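Here is the structure we will look at, set down as structure tokens.
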Amino acid sequence: MAEATSKFTPRIFSGIQPSGGLTLGNYLGALKRFVEKQNEGIETIYCLVDLHAITVWQDPEKLRAQTREAAAGFLAAGIDPKRSILFNQSQVPGHAQLAWIFNCVARMGWMGRMTQWKDKTAGKNAEAESLGLFAYPSLMAADILLYHATHVPVGEDQKQHLELTRDIAAKFNHDYGVDFFPITEPVIEGAATRVMSLRDGSKKMSKSDPSDASRINLTDEADAISQKFRKAKTDPEPLPETLDGLKDRPEAKNLVNIYAALAEMTPEAVITEFGGKGFGTFKPALVDLAVAKLSPISTEMKRLMADPAEIDRILGDGAERADAIASPILRQAYDIVGMIRSRP
Ligand code: TYM
């Protein structure tokens, strides 16, 4: 445990936006690892960040459906609502409340330097984006620090946001002369911290990519998984004998990393097994592995989604347990900042 977080009890927090269906990137970079952390016996809190989702336009009915679908994805992937807290962000008011305080701690320049903000506004009129999209990382810092979370498992694309979370915690502690918020550690581990598009090895696999062929959705059935991997862009060379040989072959590297993460092997071990073999051999092996690992999840998701009332009950129970941790921390933060407790 790192020095800066040592006075805090180890606690994991992470979140996923319900702004579309979950992808293989979300699964390997985040969800699969959320389950591993839960099973290591650490306290784990997982959140469907619906307030983050509305930083860009969401149709209300679709947002509700996607939030339930994402919850089903968590449960189907192995999140146990008894051992982990699973809830949707909007139901614990402390997230928005602490985010406001952080909006007053963080600086505009910090937000403007976020690569995700720059990417999302590239070639567009940034003035026309929502204020929420600009302040997005401040709400993310609130998500984490509202629980005094010490560790946050994420994919690589969230690294900069977590550095900002540390900066916000440090500035709050410094400005108010307290040691109140932990300096949270990012946990970016495993073979697939950045899963790339199946159509373009230079782009991240994303739920917002217009091409469905670019991603595996957690709801995809065996046929779709097979089609997408078979059509995945590659090069004509066989797989190299050493990892080094993947350096300038982003599409091949991506498929090796996906295989490694699904099989719980290192990329080196995958290369030892498949080095010298062509994609005609490797892709069918990848399809078999992916179908074996993913189709039980999609089947279970369908079963769970047939009972939305049960999903809502699980989320409601999670929100109550989350709120019980968050409320006292928020009250203390208000005290530190100088708000009068005029109500009990
Ligand atoms: P989001 O919804 O974009 O993604 C959720 C998680 O999935 C990971 N991920 C990937 N990992 C590997 N390869 C990919 N192609 C890939 N695509 C997504 C992300 O890194 C992330 O871990 N801002 C966050 C949500 C958030 C959050 C938080 C996360 C809000 N508050 C507090 C952690 C803690 C986001 O948009 O993730």
Side-chain angles (χ1 to χ4, degrees), residues 14 16-39 46 48 65-80 84 86 153-155 189-199 201 203-209 211-234 251-267 269-270 273-274 279 281-306 311:
S14 199
I16 293 190
Q17 290 197 65
S19 49
L22 297 176
T23 69
L24 183 63
N26 294 134
Y27 177 64
L28 294 178
L31 193 44
K32 186 169 184 298
R33 298 184 27 248
F34 296 174
V35 176
E36 288 161 9
K37 294 291 165 200
Q38 163 193 278
N39 295 345
Y46 297 126
L48 303 164
Q66 285 161 6
T67 305
R68 291 194 181 106
E69 185 182 296
F74 273 65
L75 299 168
I79 294 299
D80 171 354
S84 292
L86 176 65
V154 283
E189 286 169 351
T193 56
R194 188 170 176 82
V195 177
M196 308 309 281
S197 155
L198 300 181
R199 308 300 310 158
K203 273 173 41 187
K204 189 181 73 168
M205 182 181 285
S206 161
K207 48 196 159 215
S208 55
D209 192 310
S211 160
D212 191 59
S214 72
R215 65 178 159 264
I216 305 288
N217 304 300
L218 275 198
T219 47
D220 283 347
E221 309 218 334
D223 271 1
I225 295 174
S226 167
Q227 283 271 336
K228 287 176 182 179
F229 275 128
R230 282 168 199 273
K231 286 197 186 142
K233 190 178 162 203
T234 44
E251 284 88 10
K253 185 175 175 193
N254 188 38
L255 296 186
V256 167
N257 286 345
I258 292 173
Y259 190 102
L262 283 171
E264 299 180 4
M265 290 163 74
T266 60
V270 178
E273 194 173 331
F274 290 98
F279 286 102
T281 308
F282 182 60
K283 278 185 171 180
L286 176 59
V287 166
D288 286 348
L289 174 66
V291 168
K293 298 282 180 179
L294 301 177
S295 56
I297 299 180
S298 71
T299 307
E300 178 63 2
M301 275 177 84
K302 280 196 197 87
R303 192 189 69 77
L304 290 162
M305 278 175 334
I311 291 179

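Computed from a predicted structure; not experimentally measured.
- Shown here for V154 and S14, the closest heavy-atom pair between the two residues is CG1-OG, 3.9 Å.
- No donor-acceptor pair closer than 3.5 Å links the side chain of K32 to the backbone N or O of L262.
- To the nearest 0.5 Å, atom OH of residue Y27 and atom CG of residue L22 are 11.5 Å apart.
- No option in V287, D223, D212 other than D212 meets the side chain to side chain contact (heavy atoms under 4.5 Å, CB included) test with K228.
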*Can you check side chain to side chain contact (heavy atoms under 4.5 Å, CB included) on Y46 and L31, steps first, answer last?*
CA-CA 10 Å; Y46 297 126; L31 193 44; over 6 Å; no
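- In plain terms, the two heavy atoms of F34 and P153 that are nearest each other are CE2-O, 3.5 Å.
- The minimum heavy-atom distance between L48 and P18, with the atom names listed, is C-CD, 4.2 Å.
- Residues that satisfy the side-chain contact (heavy atoms from CB on, under 4.5 Å) test with A213, not counting sequence neighbours, are R199, S211.
- Salt-bridge check for E189 with K37: passed, with a basic side-chain N closer than 4.0 Å to an acidic carboxylate O.
- Remark: side-chain polar atoms of S226 are not paired, donor with acceptor, to backbone N or O of A222 under 3.5 angstrom.
- Using modelled atom types, no side-chain atom of S214 and backbone atom of S197 make a donor-acceptor pair closer than 3.5 Å.
- When all heavy atoms of A72 and L304 are compared, the pair lying nearest together is O-CD1, 3.6 Å.
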*Step by step, work out the salt bridge (charged side-chain N to carboxylate O under 4.0 Å, His left out) result for D209 and K204.*
CA-CA 9 Å; D209 192 310; K204 189 181 73 168; over 6 Å; no
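- A donor-acceptor contact shorter than 3.5 Å links the side chain of K207 to the backbone of Q17.
- Here K293 contributes atom NZ and I225 contributes atom CD1; the two are 13.0 Å apart, rounded to the nearest 0.5 Å.
- No more than 12 heavy-atom neighbours from other residues, nucleotides or ligands sit within 6.0 angstrom of NZ on K253.
- When all heavy atoms of M196 and G201 are compared, the pair lying nearest together is CE-O, 3.4 Å.
- Not a single donor-acceptor pair under 3.5 Å links the side chain of R303 to the backbone N or O of T299.
- Remark: the backbone N or O of L86 is not paired with any side-chain donor or acceptor of S84 at under 3.5 angstrom.
- Taking CG of L24 as the reference point, atom CD1 of I297 lies at 9.5 Å (rounded to 0.5 Å).
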*Please report the C-alpha distance between N254 and M205 in whole Å, then the side-chain angles of each, then the deciding distance to 0.1 Å, and finally whether the side chain to side chain contact (heavy atoms under 4.5 Å, CB included) criterion is met.*
CA-CA 10 Å; N254 188 38; M205 182 181 285; 5.5 Å; no
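- In terms of heavy-atom proximity, S206 sits nearest to R215 at O-NH1, 2.9 Å.
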_Check against side chain to side chain contact (heavy atoms under 4.5 Å, CB included), N26 and L218_ = CA-CA 9 Å; N26 294 134; L218 275 198; over 6 Å; no
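- Between atom CD of residue E273 and atom OH of residue Y259 there is a gap of 5.0 Å, rounded to the nearest 0.5 Å.
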*Verdict with supporting geometry, E221 and K302, salt bridge (charged side-chain N to carboxylate O under 4.0 Å, His left out)*: CA-CA 11 Å; E221 309 218 334; K302 280 196 197 87; 2.8 Å; yes
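- The closest side-chain heavy-atom distance from I258 to L289 is not below 4.5 Å.
- Checked by atom type and distance alone, the side chain of K283 never pairs as donor or acceptor with a backbone atom of L255 at under 3.5 Å.
- Exactly one residue among I311, I79, D80, V35 makes a side chain to side chain contact (heavy atoms under 4.5 Å, CB included) with F74. That residue is I79.
- The distance from the OG1 atom of T23 to the CG atom of N217 is 7.5 Å, given to the nearest 0.5 Å.
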*Begin with the C-alpha distance, continue with both residues' side-chain angles, and end with the deciding distance and a verdict on side chain to side chain contact (heavy atoms under 4.5 Å, CB included) for F282 and T234.*
CA-CA 11 Å; F282 182 60; T234 44; over 6 Å; no
